[in-house]
Protein chains: 2
Amino acid sequence: MMSDQGISKGERRRAGIMTLLKQQGKVSIPEIIERFECSEATARRDLDLLEKQGNIIRTLGGAQLDTTLTSGETSFNEKRNLLWLEKEAIAAKAASMVEKGDIVGLTGGTTTFLIARALKFHNDITVVTNAVNIAMELADSDGVQVVLTGGVMRNKSFELCGPLAESIVNNIHIGKMFMGIDGISIDPGVTTFSELEAQIARLMLSRASQCYAVFDHTKIDKISLFAIAPLTEFKGFVTNRLESPAMLDYIEKHRMELHLTEPATEAEKAH
Amino acid sequence: MMSDQGISKGERRRAGIMTLLKQQGKVSIPEIIERFECSEATARRDLDLLEKQGNIIRTLGGAQLDTTLTSGETSFNEKRNLLWLEKEAIAAKAASMVEKGDIVGLTGGTTTFLIARALKFHNDITVVTNAVNIAMELADSDGVQVVLTGGVMRNKSFELCGPLAESIVNNIHIGKMFMGIDGISIDPGVTTFSELEAQIARLMLSRASQCYAVFDHTKIDKISLFAIAPLTEFKGFVTNRLESPAMLDYIEKHRMELHLTEPATEAEKAH
DNA sequence: AATATTAAATCATTAATTTGATTTTTTCAA
DNA sequence: TTGAAAAAATCAAATTAATGATTTAATATT
């Protein structure tokens, strides 16, 4: 059936809960169950949702109005595709490291593409990239200036490579650089599948003040065909979790930054 | 499960339709069906929804961008719709001039974008362009190597300009070049709206063995703000019709080529 | 007017979301 | 600690929304 004016059963119920809350300052779960004839589970879910929207504060057995009327929107959500979710979290983390006025470097890759998407609504930043799809993603963003390295496009991967690309990269300076990679391990360091992409990545790295490798945990202790650089070339790493004690040791010993999106494990905490 | 930051299938499809529209000014229903692998019914429903949101205007067989916001003329849309067919014809004619092994240059613009689309299934050619959307269009084409000039992207027009772009263009050679323009007349010659685009166009022209200006008849005897080059710099012109006797005279006298997509009028035949 | 094309309307099917029942884990108060 | 209450997690049923196939009406084009 068509939703009348966009008011679904659930929305009506949650609106009712808010009315109750405004009337009495707080509500209990049993109260909601009785009043709206729903299960305990839905009552909880409604309160969770309202809390996520920043309207109320959960308490034991119910909820109360948020007295601090600062409407802070906290909307971090769960999704089906775990790896996608993790990449989005990694991208968000990386994007949060970007500040006004920054010159941000992005290589090609899924995670870096998501960083670009996250940067879309930043203001007064410049993004330097060799990925055509990243440039397209940022094309309608007013606050972001996009500089694309030229070069020959690798069909299907959207990456610009070759001497022409290199000649441009040699003429620019990058502030914070985020590099998408295919493998990371202590010994060869950071690696990738494609020789051409490795070369341009290496060059961009050399032009950047600070370079961070961004990757999900499946890339850890994996070695791809072509080496980009040893770990020591990097300012730090952005990933969801890093459970390898050896790598944690290495990162700590070399005073490199580690940005994690998931709650730290015992091993990680120890460092 | 909840999807709130996650983009639903339908939303993604409609966003894709908007991107298509921004790139090409219009879309057809079959185009949507092919591109997004959906039924005719959903394609229609999507367009209806987007129209309801005020973003686009439905036309017979598809939709086009709402241009009434920028130009208040009522009949403008019909004109534009007609022009589309002519631009496609012009693009097809230009594409037919391309041969195996050619190095083809394309500036930004609607007509040149359509040339790129027409070149998609050519084999063993190289396309050099400063337009990001043209590179994207050719990204999945096996027989076409794409070389993108780097540079700063002009947001919304997808064109790469500036010194970086120029430094790359200075290092390449173009065989047949097709230039999109905003105005053409005997006296200042070929002109365009944007200074930056004029400059990069001028440079590409200087690097090309043969350069053709491509335009529809509404550009004839129009003069835009920035001059690119006098007519004599061009090997020839590709358009739908050219009814100006003075320009016909001029073209004949200078032994330049004229490629028309519409049956020649008496005036044109006389030359 | 006749034909072909496009649009609208309808309905069955599929996909997605919401919900309630159940089980497991966590938290709180003694 | 331990038991009771609350919260979270899990799963299947129910509801709702989205889609595609089909039919019917409208519209361009000749």
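Nothing here was measured: the structure is a model prediction, and the numbers come from that model. Lettering of chains follows the sequences in order, A, B, ..., and the numbering in each one begins at 1.
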- [ ] Specify the separation, in whole Å, of atom CZ of A:Arg14 and atom P of C:dT17.
- [x] 14 Å
Open item on the list: Just the rounded figure in Å: distance from P of C:dA29 to CG of A:Leu60.
Closed with: 8 Å
- [ ] Apply side-chain contact (heavy atoms from CB on, under 4.5 Å) to A:Val214 and A:Thr239, showing your working.
- [x] CA-CA 6 Å; A:Val214 295; A:Thr239 185; over 6 Å; no
Open item on the list: Any donor-acceptor pair under 3.5 Å linking the side-chain atoms of B:Thr261 with those of B:Asn240?
Closed with: no
Open item on the list: Tell me the interatomic distance from B:Leu47, atom CG, to C:dT6, atom C1', rounded to whole angstroms.
Closed with: 13 Å
Open item on the list: Under 4.0 Å, heavy atoms only, any strand: does A:Thr59 hit a base, just the sugar-phosphate, or nothing?
Closed with: sugar-phosphate
Open item on the list: Any non-hydrogen side-chain atom of A:Ile56 less than 4.5 Å from a side-chain atom of A:Met18?
Closed with: yes
Task: Spacing of A:Glu40 atom CD relative to D:dA6 atom C1', expressed in whole Å - done: 8 Å
- [ ] Would you indicate which nucleotide in C:dT19, C:dA7, D:dA7 comes nearest to any side-chain atom of A:Arg58?
- [x] D:dA7
TODO: Assess whether one donor atom and one acceptor atom, taken from the side chain of B:Arg45 and the base of D:dG20, lie less than 3.5 Å apart.
DONE: yes
Task: d(CD1, B:Ile29; C1', D:dA28) in whole Å - done: 16 Å
TODO: For the residue pair A:Asp182 and A:Thr192, confirm or rule out a side-chain donor-acceptor distance under 3.5 Å.
DONE: yes
Open item on the list: Using OP1 and OP2 only, check whether a side-chain N or O of B:Ser39 sits under 4.0 Å from D:dG20.
Closed with: yes
Task: Length of the line joining B:Arg44:CZ and D:dA21:P, which is rounded to integer Å - done: 14 Å
Open item on the list: If I take atom CG in residue A:Asp46 and atom C1' in nucleotide C:dT18, what distance separates them, rounded to the nearest angstrom?
Closed with: 10 Å
Open item on the list: Heavy atoms from C-beta onward define the side chain here; which of D:dA8, C:dG20, D:dA21 lies closest to that of B:Ala41?
Closed with: D:dA21
Task: Spacing of B:Lys9 atom NZ relative to D:dG20 atom C1', expressed in whole Å - done: 11 Å
